[in-house]
Structures are given as C-alpha cells and as structure tokens.
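The next block holds one structure in the form of structure tokens; read it before the comments.
One is the number of the first residue; the rest follow in order along the sequence.
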Amino acid sequence: MVEKRMHIVFNGITYEPKIRFRVKDWKSSLVMEQLQIKDPTWLVQYDRHRNCATVDKDAPTWYIELATLHEMICVGGLYEDIVNKALRNGIEEGIHRCESVERFILKIAGIHRQDYVEARIKMFELILEKHLNPTMEAEMRNTLDMLKSER
C-alpha cells in the first residue's frame, strides 16, 4: 500500500489530499483472462474496505495519482469539499457525480490533461463494453460523453 500527499494549487489555495493506492498486474488477473481482455488500459478500482484505489502496475505515476484521487472522491466520498470549492456547481449527485469529479481532475491535471482524457476514454469504453461495473453504467456513459467532448 502506498500513501502519499498530492500537492494541488487551485484558485490560489493549496490543498494536500492524502491518496492511498496499491498496484496490481491487471494483465495477469484471472478475471481479465476470462473476459479476454488483453489490454486493461490502466484500470482503476476503489476498495472501500481498505479505503484505497487499486491501479494497474503499468500506469505512469501521474495517471496513478490523478485516477486514485478521482476514485477517493467519487467512490470513497473523500475530499468533496475541495471539489465543491473548485467547481461552480460542486459535485452533482446521481448520473453526474462521476462527471463532476472528472471535471475537477481535468482542472488539476496540468500538462497531463490530454493524456489523462485519452486514458480515461479507453478505460470507460472497456468497462462499458465488458460490463465490468453494471451499477454505474449510466454515470460512466455520461462521463465518457463529457471526456470525448474534451478531446
């Protein structure tokens, strides 16, 4: 398990949220093999019991940090106050929750913004195609549409 603080400056205010993640070789996962997924495209999954994200070992550090923060806010319910200060409408609930958090991440992604957009598009497309998270499909489709508009 890795714990580290991110350093985010937004609207002149510095935030240092702590992120927690562990890495996993998604390519060697039995589930990926059963679903015939050869490229897990930097999958990220939130573990509520450990209060951390599980990220693909092949993902670059910048992606691991941004995707972990997204999961901790969106699924874990942490650091919502930062997002609410950063976005005019704050976190919108329901179908727009994931999109709201993703919009925040795009605001802090810096030089990795476009790479992050492309990586997340691939990830959401894979999750939707393979029905990896059926309970959140509506939210993911909504977020995917927003990400595609950011290309």
Walk me through it: do Arg103 and Glu92 pass the test salt bridge (charged side-chain N to carboxylate O under 4.0 Å, His left out)?
CA-CA 11 Å; Arg103 284 187 186 283; Glu92 295 182 48; over 6 Å; no
What do the steps show when you test Ile127 against Met136 for side chain to side chain contact (heavy atoms under 4.5 Å, CB included), and what is the final call?
CA-CA 10 Å; Ile127 291 170; Met136 289 192 64; over 6 Å; no
Please determine whether side chain to side chain contact (heavy atoms under 4.5 Å, CB included) holds for the pair Asp56 and Val44, giving the CA-CA distance in whole Å, both sets of side-chain angles, and the decisive distance to 0.1 Å.
CA-CA 7 Å; Asp56 187 72; Val44 180; over 6 Å; no
Is there a side chain to side chain contact (heavy atoms under 4.5 Å, CB included) between His70 and Cys98? Walk through the geometry before answering.
CA-CA 8 Å; His70 178 275; Cys98 183; 3.8 Å; yes
Quick one, Asp115 with Tyr63, criterion side chain to side chain contact (heavy atoms under 4.5 Å, CB included). Give me CA distance, side-chain angles, the key distance, then yes/no.
CA-CA 9 Å; Asp115 291 330; Tyr63 180 82; over 6 Å; no
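In the hydrophobic clustering of ILVMFWY residues, with side-chain heavy atoms under 4.5 Å counting as a link, Ile95 and Ile73 come out apart. With hydrophobic clusters built from ILVMFWY side chains whose heavy atoms lie under 4.5 angstrom apart, Ile13 shares a cluster with Ile91.
Relative ring orientation between Trp62 and Trp42 is described as perpendicular, the plane-to-plane angle rising above 60° on a 0-90° scale split at 30° and 60°.
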What pairs of donor and acceptor atoms, side-chain ones from residues 16-24 against any protein atom, are under 3.5 angstrom apart with sequence neighbours left out?
unit_1, atom_1, unit_2, atom_2, d
Glu16, OE2, His7, ND1, 3.2
Arg20, NE, Asn51, O, 3.1
Arg20, NH1, Glu3, OE2, 2.5
Arg20, NH2, Arg50, O, 2.8
Arg22, NE, Thr54, OG1, 3.2
Arg22, NH2, Thr54, OG1, 3.4

Contacts under 3.5 angstrom, residues 144-151 side chains, donor-acceptor by atom type, not counting sequence neighbours:
unit_1, atom_1, unit_2, atom_2, d
Lys148, NZ, Glu125, OE2, 3.3
Ser149, OG, Met146, O, 2.6
Glu150, OE1, Arg113, NH2, 2.5
Arg151, NE, Glu118, OE1, 3.3
Arg151, NE, Glu118, OE2, 3.1
Arg151, NH2, Glu118, OE1, 3.1

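Here the CG atom belonging to Leu132 is positioned 9.0 Å from the CD atom belonging to Glu137, to the nearest 0.5 angstrom. Separating the CG atom in Asn11 from the NZ atom in Lys85 is a distance of 11.0 Å, to the nearest 0.5 Å. How far OH of Tyr15 is from CD1 of Ile82: 6.5 Å, rounded to the nearest 0.5 Å. To the nearest 0.5 angstrom, Glu65 atom CD is 9.5 Å from Ile108 atom CD1. Once rounded to the nearest 0.5 Å, the distance linking CD of Glu99 with OG1 of Thr143 reads 6.0 Å. The OH atom of Tyr46 sits 7.5 Å away from atom SG of Cys52, with the distance rounded to the nearest 0.5 Å.
Applying the salt bridge (Lys or Arg N to Asp or Glu O under 4.0 Å) rule to Glu71 yields no partners; only residues at least two apart in sequence or on another chain are considered.
Between Tyr79 and Leu69 the shortest heavy-atom distance is CD1-CD1, 4.0 Å. The shortest non-hydrogen separation linking Ala59 to Ile64 is O-CD1, 3.4 Å.
With respect to the salt-bridge test (charged N to carboxylate O, under 4.0 angstrom), the residues Glu102 and Arg120 qualify. The pair Asp58-Lys27 counts as a salt bridge, with a side-chain nitrogen and a carboxylate oxygen less than 4.0 angstrom apart.
Here the side chains of Glu80 and Phe104 are not in contact, with every heavy-atom distance at 4.5 Å or above. At a threshold of 4.5 Å between non-hydrogen side-chain atoms, the residues Ile8 and Thr14 do not count as touching.
Annotation for Glu33: atom CD does not count as buried by contact number, only 12 or fewer foreign heavy atoms lying within 6.0 Å.
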